[in-house]
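Following: one structure in structure tokens, then a few remarks.
Proteins come first, then strands; the chains are lettered A, B, ... in the order of their sequence lines, and each starts at number 1.
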Amino acid sequence: MLSWIDRWNRKLHTYAGLYLLLFVWLFAVSGLLLNHSAWPAAQFWRERRQERFQRRVELAAAGAPLERARDVMRQLGIDGEIEWLAPRPGRFEFRVTRPGRVANIDVDLTNGVAIVERTTVNAWGVLNMLHSFTGVRGGRPEALRDWWLTMVWSGAVDAVSAGVIFLALSGIWIWFRSGQRRAAGLAALAAGVVACAAFLFGA
Amino acid sequence: MLPGETNNKRTLARSVTACMRDVHLLGGLFLGPLAIVFALSAILLNHPSPAPDGAGAKRSEAVRVPAGIERLEGMERVRAARQILDQLGLSGEIGFVGLNGRARTLTIPVTRPGWEFTVRVDLERGQATVETRRRGLADRLHWLHKLPGPHLANIRGNWILTRLWRWFADATVYLLLAISATGVYLWALARAERKAGLALAGAGAVTLIGMVYALAH
């Protein structure tokens, strides 16, 4: 029984590692850039492209804000995750975000003219935005995922995270069952546990 | 090639493999708990719960306000604020130092894993009010995942433990890259897993590229 578990654990460790390889690299490298905003690759915001245009739109007089916003986006040919801005009288404003692009949409309720300010960033900016593109914010419970691709990406984040946890635990199992490098392995594992515990509970 | 040369090559290949195996094994064992911290916190950040309501415990104390703190900017102002925190017996990462010139007050949010302090300083009276909130495990994980981070980078890492954690976060990334590279090398040696491994690596790459393309275009 245990040898069957050992064999399949080793296979799944290998398979999960290979399938998740590029996902893990994406989150690792983007995380590094987020912690080092002075690095040249993290300076993508300086090279952003901004454009501004306006177009007349048909804005429904009534209806849920989400549906009205989606209708405006459809007319403007814009897709992405909606973020609500502080409301102003006489305006219907919101922001649409997707990795690499942010569009501020401001509809004048008196004349139905939508002013769009769109910002586009380079590949480093896309990488940066992918790291934290979840469609939700901790301090804003009213912000919910409203774009299907955000839900897909959020699911991928969960899957990659679960995969990493599996890789860590299955790796520990493989080492434990192999009986090799016991002392060095125990020292390495203990060092990692102590480091985490020190920051989590000792800081 | 002479037999001696072939033996040397085999010995070298075995040494390289053994080295790769050690990096993968020992690096993986050290990295394991760190990787679990980041992965767990990623899941929690992906599914945030509402922030707990209610004010925290409050206390007031007289403090000596560093002269000219209102005129300071950036890290200089943070260092001056740190002097106020030292008098209050507080330590942690200073989020920012907000000045209300009209009311002549300073607001200094301070965080450390599991703790939030909001310090309000009345510059005229030299009086500081400290509001303390205790947070749970999830918040501790959030702190570790998000700090130091990209926001207000010119003052970030103003607490020594944040700077130390930045080092660990970087080490996590570099070790992860090394472990994945050695993992690929070790997999490539195992002929039995070649086909399945290639198929899965390809499937993972196609999945990621497809998702990123759909998101970004």
Side-chain angles (χ1 to χ4, degrees), chain A residues 11 14-15 17-29 31-32 34-35 37-38 42 98-101 126 128 130 133-134 136-139 141 149 152-154 156-158 160-162 164-165 167-169 171-172 175 180-181 184-185 188-189 191-193 195-196 199-201 203, chain B residues 22 25-40 42-43 45-48 50-51 112-114 137 140-142 144 148-150 153 161 164-166 168-170 172-173 176-177 180 183-184 187 190 193 196-198 200-201 203-205 207-209 211-212 214-216:
Chain A
K11 277 183 185 289
T14 306
Y15 296 159
L18 288 166
Y19 184 83
L20 295 174
L21 185 68
L22 291 190
F23 283 95
V24 166
W25 283 3
L26 183 147
F27 284 107
V29 172
L32 199 61
L34 282 163
N35 265 352
S37 48
R98 63 191 298 171
R101 257 179 278 169
V126 172
N128 179 295
L130 279 169
F133 187 69
T134 63
V136 291
R137 294 270 177 94
L149 276 174
V152 170
W153 185 247
S154 154
V157 168
D158 283 346
V160 173
S161 301
V164 165
I165 293 170
L167 284 166
L169 295 176
I172 292 171
W175 159 72
Q180 293 175 1
R181 308 291 254 126
L189 182 61
V193 169
C196 284
F199 282 101
L200 268 173
F201 305 109
Chain B
D22 274 350
L25 173 66
L26 299 176
L29 287 169
F30 176 72
L31 181 68
L34 290 159
I36 290 173
V37 163
F38 278 103
L40 260 179
I43 294 172
L45 284 164
N46 210 15
H47 303 278
R112 54 194 294 163
L137 179 61
R140 290 172 188 265
L141 289 166
H142 288 175
L144 290 179
L161 287 187
L164 199 54
W165 178 248
R166 173 187 266 139
F168 269 94
D170 284 359
T172 301
V173 171
L176 206 57
L177 296 174
S180 56
V184 170
W187 158 73
E193 307 290 353
L198 262 172
L200 283 161
T207 310
L208 177 64
I209 291 166
M211 275 192 210
V212 171
L215 283 162

Passes side-chain contact (heavy atoms from CB on, under 4.5 Å), A:F201 versus B:L137? Steps please. CA-CA 9 Å; A:F201 305 109; B:L137 179 61; 3.9 Å; yes
Using non-hydrogen atoms and a 4.5 Å limit, figure out which bit of [X] sits close to chain A: side chain, backbone, both or neither.
X      : value
B:L164 : both
B:L25  : side chain
B:L31  : neither
B:L144 : side chain

Considering non-hydrogen atoms only, spot the tightest contact between A:R101 and B:A216 and give its length. NH2-O, 3.0 Å
State, to 0.1 Å, how close B:V184 and A:L21 come at their nearest heavy-atom pair, and which atoms those are. CG2-CD2, 3.9 Å
Side chain, backbone, both or neither of [X] within contact of chain B (heavy atoms, under 4.5 Å):
X      : value
A:S37  : side chain
A:L26  : side chain
A:V126 : side chain
A:L149 : both

Straight-line distance of B:L40 CG to A:S161 OG, nearest 0.5 Å: 8.5 Å
What distance do B:I36 atom CD1 and A:L169 atom CG have between them, rounded to the nearest 0.5 Å? 4.5 Å
Hits for salt bridge (Lys or Arg N to Asp or Glu O under 4.0 Å) against B:D22, two or more places apart or cross-chain, chain-then-number order -> A:R181
Please identify each residue that fulfils ring pair (Phe, Tyr, Trp, His ring centres under 6.0 Å) with A:F23, with sequence neighbours left out. none
Does either side chain, that of A:S154 or that of B:N46, offer a donor lying less than 3.5 Å from an acceptor on the other one? yes
